[in-house]
Each structure stands twice: as C-alpha cells, then as structure tokens.
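Here is the structure we will look at, set down as structure tokens.
Residue numbers count from 1 along this sequence. Note that the structure is a prediction, hence the values are computed from the model and not measured.
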Amino acid sequence: MTVHRLEEMSTPALDALERARTVVVLTVSPLEAHGPHLPVGVDAFAARHFAETIAERLVSARPGWSVVLAPTLHLGSFTFETVGTIAVRQRVVRDALVDYGGALARSGFRFILVANGHAGPGHLNALDEAAAIVSRRHGVTMASFTGHLAWQFLRGRYVSAIEGELGRQLSAEEHAAFAEDAHGGWWETSLMLLLRPDLVHDSFRTLPPARYSLAQRVVPNYPLKNGGQGYVGHPALADPAFGKATTEVLMTEAMAIVDGLLDGRLTPSDRRSPFFQVPVFRTNFWPTAAGVAAGLGALAVGVAGFLLCRRRPSA
C-alpha cells in the first residue's frame with residue numbers, strides 16, 4: 001500500500017513514481033459557516049476524508065499503484081456569507097485548479113482526481129471546468145465527480161443503500177428530514193461526529209429544525225436571514241452511525257467511478273455536476289451576460305429547477 005503526501009516528497013521521489021499507475025488527488029473546499037455548532041472547515045474535513053479513503057481503497061485494490069495526496073486548498077465560491085466564511089471568486093477557484101492540474105500534467109501525471117466537500121452550484125462548475133480544461137490541454141484524465149455524487153445524494157438516490165448500511169429503514173419523519181437537509185444539518189453534523197466529534201458543539205442536540213421553502217431558498221444567504229443561524233435541516237438528529245452509513249455508501253459509489261475512469265470505461269464528462277449544463281452557473285456567464293436582470297431571472301429559474309429535483313422522492 002503506497003499513499004504519499006505531496007508536500008512530504010522530494011522531487012526525485014516524485015519523479016520515480018510510475019506515471020501509468022499513479023493517481024494524484026487534489027482536495028479543494030472552502031472555509032464556510034455551518035451554523036453555531038460546527039467549525040467553518042466542515043467541507044474541507046469531508047473532502048480530505050473522501051480523498052484519504054479513496055487513496056486507501058485504491059492502493060489496496062490495485063497492487064503496484066500509488067496515490068499522491070496534495071495539501072487541501074481552502075478555496076470555494078457560492079458560499080453563505082458571514083463571520084468565518086472566506087469567499088473566493090469562482091474564476092479564482094477554476095484557475096487555481098487549472099494551474100495545479102496543469103503543473104501535474106506537465107510533470108507526466110496522467111490521472112488527477114478532485115475531492116471536494118462543497119455543493120455550491122458555481123463552485124462545482126468551477127471544478128468541472130478546470131478538470132475539462134486540463135484534460136483537453138494536456139491529454140490527461142482530470143476528473144471532479146464529487147458534485148455528481150453530492151447531488152445524487154441530496155436528491156435521495158442513495159436512501160435505499162443507506163438504509164441497507166444502517167440495517168433499518170428510515171422512518172417517515174426521517175425521510176422528510178432527509179429531504180429538507182442541505183447545510184450543517186443532519187448529515188454534515190453526523191459526519192463531523194464521526195470524524196471530529198471534538199469540534200462539534202453540544203448545542204446541536206437542541207437546535208430546532210431549519211426549514212426553508214423553495215421561494216426562500218432562491219434568496220442569497222437565505223439561512224442567515226430573519227434570525228436564521230446558518231444551517232439548513234435537522235442537526236439534532238445527528239448520529240455518528242448515520243455519518244458512517246452515508247459515508248460508506250458515498251465511498252462505494254465513488255470507487256465505482258474511480259475504477260471506471262482508471263480503466264477507461266468512463267470519461268470525466270460522464271460524471272459531471274448537473275449544474276454544468278446550466279449557463280448561469282458557468283464561470284464566464286456574468287461578465288458576458290446581456291443584462292443583469294436577465295441573469296438574475298435565469299439564476300432563480302436554475303436554482304428553482306434543481307431544488308425541485310432535490311425535493312423529489314428517491315427513485
């Protein structure tokens with residue numbers, strides 16, 4: 001089993017890696033407020049755990065392969081703005097990943113994966129755009145597929161598998177809570193109780209549900225308005241067992257994609273975020289839009305459409 005950390009390696013050690021059997025994982029997620037009970041690094045903790053687990057499973061399943069984990073880049077756009085959130089322009093996120101991926105490609109690395117824990121639509125697009133640019137320019141496979149997984153998860157597509165991991169069915173109340181969960185709620189609090197319980201404030205147990213209508217969700221910064229505390233969902237339901245079950249399901253789905261990419265059965269474009277096809281979320285949309293009013297209208301329609309998808313029962 002060979003998992004390396006990029007910052008700990010010398011140039012000769014890196015250069016000695018067999019390029020055809022080496023995967024580099026870039027971890028990128030913002031620092032963002034997640035309610036009064038969670039640290040601002042939730043997305044980055046999730047992405048790093050995702051990256052490390054992929055690395056461990058990959059080298060275990062593929063003898064002779066290596067994985068290089070790059071340091072976490074605390075970059076992200078389309079965030080909820082308040083104290084502790086470090087917002088970065090969408091173009092900066094895209095260009096940073098293009099530069100990182102380009103440098104790795106010029107060094108001969110052929111497989112580059114992006115691990116991410118933030119589901120902001122424009123952020124996901126920036127990662128997908130960067131992966132597409134690097135893949136096209138350098139003839140490598142650079143893929144950002146965590147956006148695809150996140151939105152399949154949020155739409156309820158993995159509920160049956162999660163119930164299988166839990167060994168029980170979710171109650172009607174839990175199904176409703178899952179459909180309302182989006183940010184700093186049941187799942188992210190559960191994940192942090194699994195990964196870093198020391199960073200979860202006990203107040204999560206008494207936080208009331210934070211429910212938002214479709215009309216409310218298209219308002220910028222909506223969970224922090226009118227007394228909102230910056231979370232969306234039901235953090236009081238959080239349980240490390242739920243965090244473990246959901247993570248196992250997501251990792252199983254992730255490894256199926258990774259294997260497909262490495263074996264050539266999938267291309268990065270096969271597992272992009274659904275927002276990649278929505279022009280309003282593309283990095284260059286706003287500077288080239290014909291009018292701000294039209295852009296705002298498209299934004300509202302785009303968000304509304306995906307939130308409606310988000311609220312559909314699992315297939």
Side-chain angles (χ1 to χ4, degrees), residues 25-55 69-90 92-94 96-97 100 113-128 130-131 144-154 181-201 204 210 217 220-224 229-233 235 238 240 242-244 246-247 249-251 253-254 273 275 281 306 310:
V25 183
L26 301 177
T27 302
V28 54
S29 286
L31 299 175
E32 181 186 24
H34 278 74
H37 59 299
L38 294 177
V40 296
V42 166
D43 293 341
F45 283 118
R48 189 64 177 183
H49 178 68
F50 193 86
E52 291 174 346
T53 305
I54 283 178
L69 295 173
T72 300
L73 298 175
H74 293 288
L75 299 175
S77 60
F78 280 59
T79 54
F80 294 130
E81 302 299 314
T82 188
V83 176
T85 295
I86 307 298
V88 175
R89 286 167 293 149
Q90 186 180 10
V92 172
V93 176
R94 184 198 64 185
L97 265 292
Y100 260 73
L113 304 179
V114 180
N116 160 62
H118 177 57
H123 175 80
L124 296 177
N125 261 9
L127 303 184
D128 278 328
S144 175
F145 54 85
T146 45
H148 166 83
L149 291 174
W151 283 92
Q152 292 291 95
F153 174 78
L154 289 171
D181 205 62
H183 183 81
W186 183 12
W187 181 65
E188 287 189 313
T189 306
S190 295
L191 180 65
M192 288 303 294
L193 286 173
L194 178 69
L195 301 181
R196 290 295 305 271
D198 57 308
L199 298 180
V200 181
H201 196 279
F204 84 90
R217 289 188 182 216
N221 239 30
Y222 70 91
L224 289 155
Q229 298 186 68
Y231 64 91
V232 182
F242 184 73
K244 183 177 180 180
T246 53
T247 300
V249 170
L250 287 169
M251 290 311 311
E253 295 291 332
S273 154
F275 296 106
F281 294 124
F306 278 104
R310 159 76 177 86

Under the 3.5 angstrom rule, does the side chain of [X] hit a backbone N or O of [Y] as a donor-acceptor pair?
X: Thr85; Y: Ala87; value: no
X: His183; Y: Ala33; value: yes
X: Gln90; Y: Gly122; value: yes
X: His123; Y: Thr79; value: no
X: Thr189; Y: Trp186; value: no
X: His74; Y: Thr72; value: no
X: His37; Y: Gly184; value: yes
X: Asn116; Y: Thr146; value: no

Determine whether Val28 and Tyr100 satisfy the following criterion, side-chain contact (heavy atoms from CB on, under 4.5 Å), listing intermediate values before the conclusion. CA-CA 11 Å; Val28 54; Tyr100 260 73; over 6 Å; no

Using 30° and 60° as the class limits, which term best fits the ring planes of Trp187 and Phe153: parallel, tilted or perpendicular?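 Tilted.
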
Just so I know, are the side chains of [X] and [Y] near enough to count as touching, which here means a heavy-atom distance under 4.5 Å?
X: Leu193; Y: Phe242; answer: no
X: Leu69; Y: Thr27; answer: no
X: Leu73; Y: Leu97; answer: yes
X: Glu32; Y: His118; answer: yes

Quick one, Val232 with Arg217, criterion side-chain contact (heavy atoms from CB on, under 4.5 Å). Give me CA distance, side-chain angles, the key distance, then yes/no. CA-CA 10 Å; Val232 182; Arg217 289 188 182 216; 3.8 Å; yes

